[in-house]
Amino acid sequence: MKYFSTRNPNEIVNSAEAIITGLAPDGGLFVPDSIPTPDTTGWEKLTYPELAGEVLPHLLPDFDKEFLKTAAEEVYGKAFAGKAGYTTKIKDNMYALELWHGPTCAFKDYALQYMPRMLVEAKKIMGRTETTRFLVATSGDTGKAALEGYKDLEGIEIRVFFPDDGTSEIQRLQMATQRGNNVGVYAVEGTFDVCQRGIKTAFNDKEIAAQLKERNIALSSANSINWGRLVPQVVYYFYSYYRLVEGENLPVGTVVDFCVPSGNFGDVLAGYYAKQMGLPVGRFIVAVNDNNSLSDFINTGVFDSTRTFHKTSSPSMDVLVPSNLERLLYHACGDTEKVKGWMKELAETGKYTVDEETLATIRKDFVADWTNEEQCAEIIGRYNDEYGYFADTHTAVALYVAEKFEGERPMVVLSTASPYKFPRAVLAALGKEAPKSDFDAIDMLEEYSGVTAPTSLTELKGMEERFTGVITSETIQKIAIE
Ligand SMILES: *Cc1c(COP(=O)(O)O)cnc(C)c1O
């Protein structure tokens, strides 16, 4: 199993190199040349760490199987306090896969707790001795999860860029108070897309690469453009599936749907890979917020990012140009020249249109819709009152869209963040006047829901802020070579 760039079939690497490099040198994303269909007999009986130890070697053939297993035990046993892949019933035929029981309270911990170990091992496999400098663009959750995963690791540096004014106060504080001797955190004037473009420009700049090489530093990406980010997420689709069929007394093999609140299209794409590996999924329901270029694309075949950017109450999904869509485009059409053409159009005009065949292939696996702020707000209150399910704003987007596609088939909705990461938005959604401080809002929500807030969030109160400056997007390149 090899990997190559979505824009050039001759840009070939193994899985270790794909993880070290992040983005392919031609600007494309690495995709596998084939997806294995392992024998899944008995997988339904495995614990989460055991299952991860079975799934991951199939996607990372260059890694030692024992290494992958041990790392899975360490990460998914401990850091998730026994709640890795926790799946709970919301109502008839609808389950929530709660992915926020890790250290930073959002699903990104699944990949970013595991990936640092993979990276260190990948460098060993490839005999690489350089310092790896991660540039991370974040709309809030990736940044903190990556900082926690990579802090104080030898041979690693990490620099995180987030949109100033684009995150919740809790998210900002999680990053601004980050400890560790190899970390940098920067608020950027502009949106997440501006941050993402800034770091992509730095990655593609040959001059920057050459200057850093002299100092034995190589840039890499911890964003979901990195194959290492997607792979660990494949596991929880399998795990959650087994919990659902177990809970409903259904035979293994029963087809279920997954509804995924989406931004950069990484989470749902991991599900697509799980399906390619043999998981019995009917369809993936892609849920987005007011920034709905992705749902329009899946519904029409026209991708058009030239539209108003909305700052919403689900900021981790405020994305108009979802990077990982490029991977799906490749898998759907199997033609790197086509993908390259579309990406060129995207860079030049902000839009492109795929052919009917490609769209039809995509629509075999994906349907999509979006939610506005009012609908999202209504859902949070209603699900708490009617089903005793307390959702955050991102999960609420998915719940709203999930209801539209509810049918005979059981459905798992991915619950991607703790409501306490966005306490004021959640309070506002409940029609309550939110206090100025996120911490007062947390207190109010605890009273309302009867659910205790994670201590990793409440302990931020009063912690000293280390990183407070705001930079322009042009400065990202300077920081990349500093
Ligand atoms: C990142 C994030 C998403 C979107 O996931 P993608 O992989 O970018 O599509 C959804 N919800 C939360 C809470 C997130 O942090």
Side-chain angles (χ1 to χ4, degrees), residues 86-101 105-107 139-141 167-171 257-263 267 285-292 295 310-318 368-407 410-454 457-458:
Y86 180 72
T87 301
T88 179
K89 187 166 185 164
I90 301 178
K91 61 177 180 179
D92 273 354
N93 261 352
M94 192 186 278
Y95 278 72
L97 163 55
E98 288 186 355
L99 296 170
W100 39 265
H101 296 287
C105 307
F107 86 88
S139 51
D141 291 333
T167 67
S168 79
E169 182 63 2
I170 290 280
Q171 286 178 306
D257 292 338
F258 283 89
C259 180
V260 187
S262 295
D267 202 6
I285 297 144
V286 178
V288 295
N289 65 25
D290 281 304
N291 297 294
N292 53 9
S295 58
H310 296 279
K311 252 171 67 175
T312 73
S313 58
S314 45
S316 300
M317 295 158 65
D318 287 349
D369 209 338
W370 63 285
T371 314
N372 69 28
E373 291 289 273
E374 247 169 74
Q375 293 159 335
C376 164
E378 184 263 337
I379 281 281
I380 296 177
R382 184 153 60 80
Y383 270 66
N384 191 67
D385 295 345
E386 280 182 25
Y387 311 113
Y389 193 76
F390 186 39
D392 94 296
T393 43
H394 302 74
T395 307
V397 167
L399 289 170
Y400 179 85
V401 172
E403 283 193 345
K404 288 196 169 181
F405 291 93
E406 257 176 320
M411 192 191 304
V412 179
V413 177
L414 273 61
S415 177
T416 48
S418 159
Y420 292 107
K421 260 195 128 163
F422 310 92
R424 288 203 300 156
V426 172
L427 267 182
L430 294 169
K432 299 187 189 301
E433 187 151 350
K436 269 239 152 51
S437 140
D438 268 15
F439 297 104
D440 293 341
I442 285 179
D443 291 343
M444 282 175 72
L445 279 181
E446 282 187 322
E447 218 163 286
Y448 166 81
S449 67
V451 180
T452 313
L457 300 182
T458 47

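- The distance from atom CG of D438 to atom CG of L457, rounded to the nearest 0.5 Å, is 9.5 Å.
- Closest heavy-atom contact between V286 and V401: O-CG1, 4.2 Å.
- One finds a salt bridge joining E403 and R382 here, because a Lys/Arg side-chain nitrogen approaches an Asp/Glu carboxylate oxygen to under 4.0 Å.
- Contact check for L399 versus Y383: side-chain heavy atoms found under the 4.5 Å cut-off.
- Distance check: Y448 OH to N384 CG gives 3.5 Å after rounding to the nearest 0.5 Å.
- I380 pairs in a side chain to side chain contact (heavy atoms under 4.5 Å, CB included) with only one of the listed residues (T393, L427, D385), which is T393.
- Of the possible polar contacts, one joining the S168 side chain to the K421 backbone as a donor-acceptor pair under 3.5 Å is found.
- Taking every heavy atom of both residues into account, T416 and T395 meet most closely at N-OG1, 3.2 Å.
- Tested against H394 for a side chain to side chain contact (heavy atoms under 4.5 Å, CB included), the candidates S313, S415, P315 yield a single pass: P315.
- A donor-acceptor pair shorter than 3.5 Å can be found between the side chains of Y420 and S449.
- Between the N291 side chain and the H310 main chain, a donor and an acceptor come within less than 3.5 Å of each other.
- Note that the CZ atom of F390 and the CG atom of L430 stand 6.5 Å from one another [nearest 0.5 Å].
- Applying side-chain hydrogen bond (donor to acceptor under 3.5 Å, both in side chains) to T312 and the options D318, T371, N372 leaves one that passes, D318.
- Residues P435 and R424 approach most closely at O-CD, 3.0 Å, considering heavy atoms.
- The two residues Y389 and A96 have their closest heavy-atom pair at OH-CB, 3.5 Å.
- Residue N289 forms a side-chain hydrogen bond (donor to acceptor under 3.5 Å, both in side chains) with just one option from S314, S262, S316, and that option is S314.
- Between D290 and W370 the shortest side-chain heavy-atom distance falls below 4.5 Å.
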Check: What do the steps show when you test L414 against F107 for side-chain contact (heavy atoms from CB on, under 4.5 Å), and what is the final call?
Finding: CA-CA 9 Å; L414 273 61; F107 86 88; over 6 Å; no

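- Taking CG of D257 as the reference point, atom CD of E406 lies at 11.0 Å (rounded to 0.5 Å).
- Summarising the geometry, atom CG belonging to N292 is positioned 9.0 Å from atom CG belonging to D369; distances are rounded to the nearest 0.5 Å.
- Closest of all the heavy-atom pairs between T167 and S139 is CG2-O, 3.6 Å.
- Other residues, nucleotides and ligands contribute at most 12 non-hydrogen atoms within 6.0 Å of the CD atom of E447.
- Taking each heavy atom of T458 and A453 in turn, the nearest pair found is CG2-CB, 4.0 Å.
- Summarising the geometry, atom NZ belonging to K91 is positioned 8.5 Å from atom CE belonging to M411; distances are rounded to the nearest 0.5 Å.
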